[in-house]
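Just so it is clear, the structure is predicted and the values come from calculations on it, not from any experiment. Start at 1 and go down the list; that is how both ligands and their atoms are numbered. In this chain, residues are counted from 1 in sequence order.
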Amino acid sequence: MANVAKVLIVGGGIGGLAAAVGLHQRGIDVEIVEKMERSEVYHVGIIVQGNFLHALGKLGLAERAIAAGFPYDGFHNYDTQNNHLFSQPPIYMGEGDFPAFLGLTRPALHEIQLDAVTNAGIPMHLGVTFSGMEETGDGVEVTFTDGRSATYDLVIGADGWNSDVRRLLMGDAHEPEYTGQGVWRYNVPRPDDMRDMTLFRGKPGGTTGLVPLTQDEMYVFHVCGEEGNPRFPRDSLADELRKRLEGYKGPVEGVREAVDDASQVVYRPLYAGLVPAPWNRGRIVLLGDAVHSSTPHMGQGAALAVEDAVVLAEELDEAADLTSALTNYAERRFERCKQVVEGSRAIGDHEMNPDDGLDVPALFARVYATLSQPL
Ligand SMILES: Cc1cc2nc3c(=O)[nH]c(=O)nc-3n(C[C@H](O)[C@H](O)[C@H](O)COP(=O)(O)OP(=O)(O)OC[C@H]3O[C@@H](n4cnc5c(N)ncnc54)[C@H](O)[C@@H]3O)c2cc1C
C-alpha cells in the first residue's frame, strides 16, 4: 500500500474528475480545486473509442456514456469531391463489449462525471486554485487562493495542457508547442443516413469530418493549417469556418450553409507535448493533458486522461509504497501516450505536407494495436 489517505486534485476536467472517482472507490479521501467559477464546458462534440469506454467502465460510468451518445463502428474516408478513398474497419479496443466509437457531446460527458463526483460526496471547490505548494517530506502543504491551507499525502496536477502544476515542478522545460494547425467545430442536425464518422481528406493543410453525436445532432469539424497561430474576433467565427469549408462536394456543402451562428463556433489552436517519465516530483504527480497533450487526430486525449486516472488509482492501492506506485504509473502509461501524441502529430504534419510519405492507415493500425493491449 502506498499509504496515501488524503489527496488533492488540481483541475476538474476529464482526467481530474475521473481520478477523483477512482481514488474515492478505493477508499481514499479526495478533494478537487477547479479554477473556473462554474464547472461547465463548451457545447462541442468529442469522439471516443472502446479504450475510453473500458477505462470509464472501471469507474462504473460507461453505460451512461453510451446511452448519452451515438455509438458507431468505423469511419469512412472520402476526398474533397466526395469520392470514397477507404473505410476503417471496426477495431474494438479495450476489454468488454463496447462499441468501436462513440460520438458524445462534451456537456453530456461532463454531466456524467460531475454526477459521479457529487454522488460520492467529493468536495469540489470552484473558482479556487493553489497559491503555494511545498513538500515537507511526509506530505505536501498547499495554500489556496480562497485563503485556506491544508496538508495532503499526494497532489495530482490534472490541470490540462497549460498546466500550472507542471510549471511548478518542471519550469518551462516541457511546454506543449503549437503544431501549425487549428480545429473548428460546429453542431448541426444529423440526417438519418449519417451513422458513422465520415472524413473528407485532401484539402491542402486539413481534413473535414462529420461526426454523429446523438439521434438528432452531429458536428462538423475542420482541422487546417493556421499559419502564425492567429486569433479571430468572436463575431467572425462563422464566416471564417464557412470560408474554410469552401470547395467540398457532397454532404459538407449542405453543412456549410448551416453554419450561421458565430457564438456556437468553437475554434482551438492545436498544441502537442509529452513529458518524459517520471511524471512526479516527490509527492506531486501529473496526469492527462498536463503530461501528454495530443492533437485530436486520433480522438484519444480524453481516453488517455481517464486511463491515467484508472492506472494511478490502481497503483496507489496496490503498489508496495508511494515511490513504486508513482514510478509504475508513469512506466505503464508512457509508451501508450507517446504513440498517440506522436501519431496524432504525424497525421497533422501529413495534412500540411501530403508528400511526406506517411501511410495513414498503417499508422492507425499500429497505434490501435497498442491501445488494444490491457492497461
Ligand atoms: C478542440 C478540441 C477537441 C478535442 N476533441 C477530442 C476528441 O474528439 N476526443 C478526445 O478524446 N479528446 C479530444 N480532445 C482532447 C481532450 O479534451 C483532452 O485530452 C482532455 O480534456 C484532457 O483532460 P484533462 O483532465 O487532462 O484536461 P482538461 O479536460 O482540459 O481539464 C483541465 C481542468 O483544469 C482546470 N485548471 C487549469 N488550470 C488550473 C489551475 N491552476 N487550478 C485549478 N484548475 C485548473 C481547467 O479549468 C480544466 O477544467 C479535444 C481537445 C480540444 C481542445
**Salt bridge flag under 4.0 Å for residues K243 and E240** = yes
**Asked** Is E315 paired with R333 through a side-chain N to carboxylate O contact shorter than 4.0 Å?
**Response** no
**Request:** Specify side chain, backbone, both or neither for R268, according to which of its non-hydrogen atoms lie closer than 4.0 Å to ligand 1.
**Result:** side chain
**Prompt:** Would you call the rings of Y219 and F221 parallel, tilted or perpendicular if under 30° counts as parallel and over 60° as perpendicular?
**Reply:** tilted
**Which residues share a side chain to side chain contact (heavy atoms under 4.5 Å, CB included) with D359, sequence neighbours left out** = P361, A362
**Asked** Going by distance alone, is a donor N or O of one side chain under 3.5 Å from an acceptor N or O of the other, for N119 and D115?
**Response** no
**Request:** Classify the side-chain pair H125/D146 by whether it contains a donor and acceptor separated by less than 3.5 Å.
**Result:** no
**Asked** Which is closest to atom 6 (C) of ligand 1 in terms of heavy atoms, V128, L286, V10, I46?
**Response** I46
**Prompt:** Which one of G160, G13, G45 has a non-hydrogen atom at the shortest distance from atom 27 (O) of ligand 1?
**Reply:** G160
**Prompt:** Does Y219 reach ligand 1 with a nitrogen or oxygen that is under 3.5 Å from one of the ligand's nitrogen or oxygen atoms?
**Reply:** no
**Item:** Pair E351-T207, side-chain donor/acceptor within less than 3.5 Å
**Value:** yes
**Message:** Going by the closest heavy atom to atom 25 (O) of ligand 1, which one wins out of G15, S344, A303, A302?
**Reply:** G15
**Asked** Counting from 1, what ligand 1 atoms have a heavy atom of V33 closer than 4.0 Å?
**Response** 43 (C), 44 (N)
**Message:** Side chain, backbone, both or neither: which applies to D164 and ligand 1 if a contact is any heavy-atom pair less than 4.0 Å apart?
**Reply:** side chain
**Shortest protein heavy-atom distance from atom 47 (O) of ligand 1, along with the residue and atom involved** = E34 OE2, 2.7 Å
**Request:** Could you tell me whether atom 52 (C) of ligand 1 has a protein heavy atom closer than 4.0 Å?
**Result:** no
**Distance from atom 20 (C) of ligand 1 to nearest protein heavy atom, with residue and atom** = I14 CD1, 3.9 Å
**Asked** Which ligand 1 atoms does G288 reach within 4.0 Å, using its non-hydrogen atoms?
**Response** 26 (O)
**Request:** List every atom of ligand 1 that sits less than 4.0 Å from any heavy atom of A158, numbering the atoms from 1 in the order shown and giving each element.
**Result:** 32 (C), 33 (C), 34 (O)
**Request:** Compare D289, L102, L168, V266 and give the one whose heavy atom is closest to atom 22 (C) of ligand 1.
**Result:** D289
**Message:** Below a 4.0 angstrom heavy-atom separation, can you tell me which part of N162, side chain or backbone, both or neither, approaches ligand 1?
**Reply:** neither
**Prompt:** Nearest to atom 9 (N) of ligand 1 by heavy atom, T295, I47, I32, L109: which?
**Reply:** I47
**Message:** Show me which atoms of ligand 1 lie under 4.0 Å from any heavy atom of A305.
**Reply:** 23 (O)
**Request:** Specify the protein heavy atom at minimum distance from atom 44 (N) of ligand 1: its residue, its atom name, and the distance to 0.1 Å.
**Result:** K35 N, 3.1 Å
**Complete:** Of T129, L104, V211, V291, the residue with the heavy atom nearest atom 40 (C) of ligand 1 is T129
**Prompt:** Backbone N or O of D172 within a donor-acceptor pair of the R167 side chain at under 3.5 Å?
**Reply:** no
**Request:** Work out whether the distance between some heavy atom of R185 and some atom of ligand 1 is less than 4.0 Å.
**Result:** yes
**Request:** Tell me which protein heavy atom sits closest to atom 37 (C) of ligand 1, plus the residue, atom name and distance to 0.1 Å.
**Result:** D159 O, 3.3 Å
**Fill in**
Near V183 (heavy-atom distance under 4.0 Å), the atoms of ligand 1 are 1 (C)
**Request:** Step by step, work out the side chain to side chain contact (heavy atoms under 4.5 Å, CB included) result for F101 and V211.
**Result:** CA-CA 10 Å; F101 289 91; V211 185; over 6 Å; no
**Asked** With the threshold set at 4.0 Å, does a side-chain nitrogen-carboxylate oxygen contact exist between E175 and R166?
**Response** yes
**Residue, atom name and distance, where the atom is the protein heavy atom closest to atom 50 (C) of ligand 1** = P296 CB, 4.6 Å
**Flag: protein heavy atom within less than 4.0 Å of atom 14 (N) of ligand 1** = no
**Item:** Under-4.0 Å salt bridge between R244 and E226
**Value:** yes
**Asked** With a cut-off of 6.0 Å (strictly less than), are more than 12 heavy atoms of other residues, nucleotides or ligands near NZ of K338?
**Response** no
Under 3.5 Å donor-acceptor pairs involving side-chain atoms of residues 266-274, not counting sequence neighbours:
residue	atom	partner	partner atom	Å
R268	NH2	Y42	OH	3.0
Y271	OH	N229	ND2	2.9

**D196 (side chain) donor-acceptor with F75 (main chain) under 3.5 angstrom** = no
